[in-house]
Q: 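Submitted below is the structure of interest, expressed as structure tokens.
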Amino acid sequence: MPEGHTLHRLARLHQQRFGRAPVVVSSPQGRFADAAAAVSGRVLRKADAWGKHLFHHYDGGAVVHVHLGLYGTFTEQPLPMTAPVGQVRMRMLGAEFGTDLRGPTVCELIDEGGVDDVVARLGADPLRRDADPGLAWARISKSRRSIGSMLMDQTVIAGVGNVYRSELLFRHRIEPHRPGTQLTEAEFAELWADLVALMKVGVRRGKIVVVRPEDDHGAPSYAADRPRTYVYRRAGEACRVCGATIRTEVMEGRNLFWCPDCQV
DNA sequence: GGCTTATGCGCAG
DNA sequence: TGCGCCTAAGCCA
């Protein structure tokens, strides 16, 4: 489930599992073989995330840059690992655990300058302490593009994906087509603060949690039918708050969902 | 078991 | 604008 919270959770996990120790890196599939050989045996100094990008910083200056795309995944096992199943792009072995990377859009070897290049193309990341929401507000407040489009623009805010986009706008009763110029600074401040809080919960829980307790009809957290979203993937169903029919359309090439009555 | 869909994004055209 | 990546969950039978 790769929105920004997933990558930050992985960075934290990889830091725990592999940090400050030598890592054996390989590419069972072969597509990452030369790069894997270049870092294998080196100490992983730091695992870090910015938006949906993950960076493994190795001693000596080499960095493995990973972007999961739509369906990339990491799975982990305690050692010894079983033989690779499917197309494993990268396998990492630490002291006690190993992990397999499958299906990423990007898995490449870069240097610290390359990290700077990637980060230079990314906006404020709600999950980073050094995030500057002022830069995002400067872009949004001057643009006639819709807020629904700009939330998906990683150069404006890094880490928000298609689920958080629809759900965040519902939570703030903002119609997704509203131009950035029509957003107030107070509305943006609330959106940002909520995004920071929601994505932190996402990191902690390992999944996107957006429905307020008062809207889940008291369903216990373990209930299978507990509502997980207000609008995402609920086109044609009744709004949980007002009962209106949830709408959908493609915006920025992705399915957008919203309530035509709650959101203005 | 098969089929559909997808939480992303770069690139061809 | 639409394709490719080529995984995995959810749904149906």
Side-chain angles (χ1 to χ4, degrees), chain A residues 1-11 13 27-32 49-55 65-77 82-92 99-108 110 114 117-123 125-127 145 148-171 176 194-195 198-211 223-237 246 248-258:
Chain A
M1 310 174 185
E3 293 195 31
H5 68 294
T6 303
L7 282 301
H8 281 265
R9 185 179 171 89
L10 283 168
L13 179 69
S27 180
Q29 173 204 45
R31 279 184 59 182
F32 187 62
W50 190 305
K52 298 167 188 168
H53 297 256
L54 176 68
F55 302 101
H65 170 217
V66 174
H67 193 295
L68 293 177
L70 188 53
Y71 34 62
T73 54
F74 278 98
T75 55
E76 80 163 11
Q77 297 172 33
T82 57
V85 175
Q87 301 292 307
V88 176
R89 185 80 61 86
M90 177 172 72
R91 168 169 279 197
M92 300 170 70
T99 189
D100 281 340
L101 169 63
R102 292 184 182 81
T105 290
V106 174
C107 178
E108 61 176 359
I110 58 177
D117 292 343
V118 173
V119 167
R121 298 194 297 268
L122 297 174
D125 177 348
L127 288 170
R145 286 173 62 200
S149 281
M150 282 188 288
L151 280 177
M152 292 295 279
D153 184 341
Q154 300 298 300
T155 70
V156 177
I157 296 179
V160 175
N162 205 27
V163 180
Y164 281 126
R165 163 172 76 165
S166 287
E167 295 296 312
L168 184 73
L169 291 175
F170 178 87
R171 286 169 61 96
D194 198 26
L195 205 42
L198 287 175
M199 292 183 76
K200 279 184 177 173
V201 169
V203 173
R204 203 154 54 233
R205 299 279 300 277
K207 62 180 181 179
I208 295 174
V209 179
V210 291
V211 177
D225 59 349
R226 187 172 192 269
R228 283 175 292 186
T229 63
Y230 287 105
V231 292
Y232 179 71
R233 289 247 260 170
R234 296 193 65 243
E237 295 178 42
I246 301 302
T248 185
E249 78 175 35
V250 175
M251 181 187 280
E252 291 295 304
R254 318 296 306 285
N255 293 322
L256 167 74
F257 304 86
W258 78 100

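Reminder, nothing fancy here: chain letters follow the sequence lines and each chain counts from 1.
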Q: Would you tabulate the nitrogen or oxygen pairs shorter than 3.5 Å linking the protein to nucleotides 3-6 of chain B?
A:
{"residue": "B:dA6", "atom": "OP1", "partner": "A:N255", "partner atom": "ND2", "Å": "3.3"}
{"residue": "B:dA6", "atom": "O3'", "partner": "A:Y232", "partner atom": "OH", "Å": "3.2"}

Q: How long is the line joining CZ of A:R165 and P of B:dC9, in whole Å?
A: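 Roughly 12 Å, once rounded to whole Å.
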Q: Might you work through the side chain to side chain contact (heavy atoms under 4.5 Å, CB included) test for A:R89 and A:V66, ending with a clear yes or no?
A: CA-CA 11 Å; A:R89 185 80 61 86; A:V66 174; over 6 Å; no
Q: Would you indicate, yes or no, if B:dC9 has its OP1 or OP2 atom less than 4.0 angstrom from a side-chain nitrogen or oxygen of A:K52?
A: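 Yes, within the criterion.
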Q: For A:L122, enumerate each residue passing the side chain to side chain contact (heavy atoms under 4.5 Å, CB included) test, keeping only those at least two apart in sequence or located in another chain.
A: A:W50, A:H53, A:V118, A:Q154, A:A158
Q: Between A:R102 (side chain) and A:F74 (backbone), is there a donor-acceptor pair under 3.5 Å?
A: no
Q: List for me each residue that meets salt bridge (Lys or Arg N to Asp or Glu O under 4.0 Å) alongside A:R145, sequence neighbours excluded, and say none if there are none.
A: A:D153
Q: If you take all heavy atoms of A:M251 and A:P176, which pair is closest and at what distance?
A: CE-O, 3.9 Å
Q: Provide the distance between the two C1' atoms, one in C:dA8 and one in B:dG10, to the nearest whole Å.
A: 22 Å
Q: Going from CZ on A:F257 to CD on A:E237, what distance comes out if it is rounded to the nearest 0.5 angstrom?
A: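 With rounding to 0.5 Å, CZ (A:F257) is 10.0 Å from CD (A:E237).
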Q: Using only side-chain N and O atoms of A:H67, determine if any of them is under 4.0 Å from OP1 or OP2 of B:dG8.
A: no
Q: Can a side-chain donor-acceptor contact be found between A:S166 and A:R233 if the only test is distance below 3.5 angstrom?
A: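 Side-chain D/A pair, A:R233 to A:S166: absent.
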Q: Measure from CD on A:E252 to C1' on B:dG10 and round the result to the nearest Å.
A: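 From A:E252 CD to B:dG10 C1': 14 Å.
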Q: If the condition is side chain to side chain contact (heavy atoms under 4.5 Å, CB included), which residues does A:R254 pass it with, not counting sequence neighbours?
A: A:L70, A:M152, A:N162, A:R165
Q: May I ask you to say what A:R121 touches in the nucleic acid, namely base, sugar-phosphate or nothing, with a heavy-atom cut-off under 4.0 Å?
A: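 No contact.
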Q: Which residues pass the salt bridge (Lys or Arg N to Asp or Glu O under 4.0 Å) test with A:D194, sequence neighbours left out?
A: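 A:R171.
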Q: Whole angstroms only, please: what is the CD1-C1' distance between A:I157 and B:dT7?
A: 17 Å
Q: So which one's nearest nucleotide on DNA chain C is more toward 5', A:T105 or A:T75?
A: A:T105
Q: I'd like the P distance from C:dC11 over to B:dT7, given in whole Å.
A: 16 Å
Q: Could you state the atom-to-atom distance from CH2 of A:W50 to P of B:dC9 in whole Å?
A: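 Atom-to-atom, A:W50 to B:dC9, this comes out as 16 Å.
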Q: Walk along DNA chain C from 5' to 3' and tell me the first and last nucleotide with an atom closer than 4.0 Å to a non-hydrogen atom of chain A.
A: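 Footprint of chain A along DNA chain C, 5' to 3': C:dC5 to C:dA8.
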Q: Measure CG/A:L151 against P/B:dC9 and give the value in whole Å, please.
A: 13 Å
Q: Provide the distance between the two P atoms, one in C:dC3 and one in B:dT4, to the nearest whole Å.
A: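 Pairwise P distance, C:dC3 against B:dT4, rounds to 15 Å.
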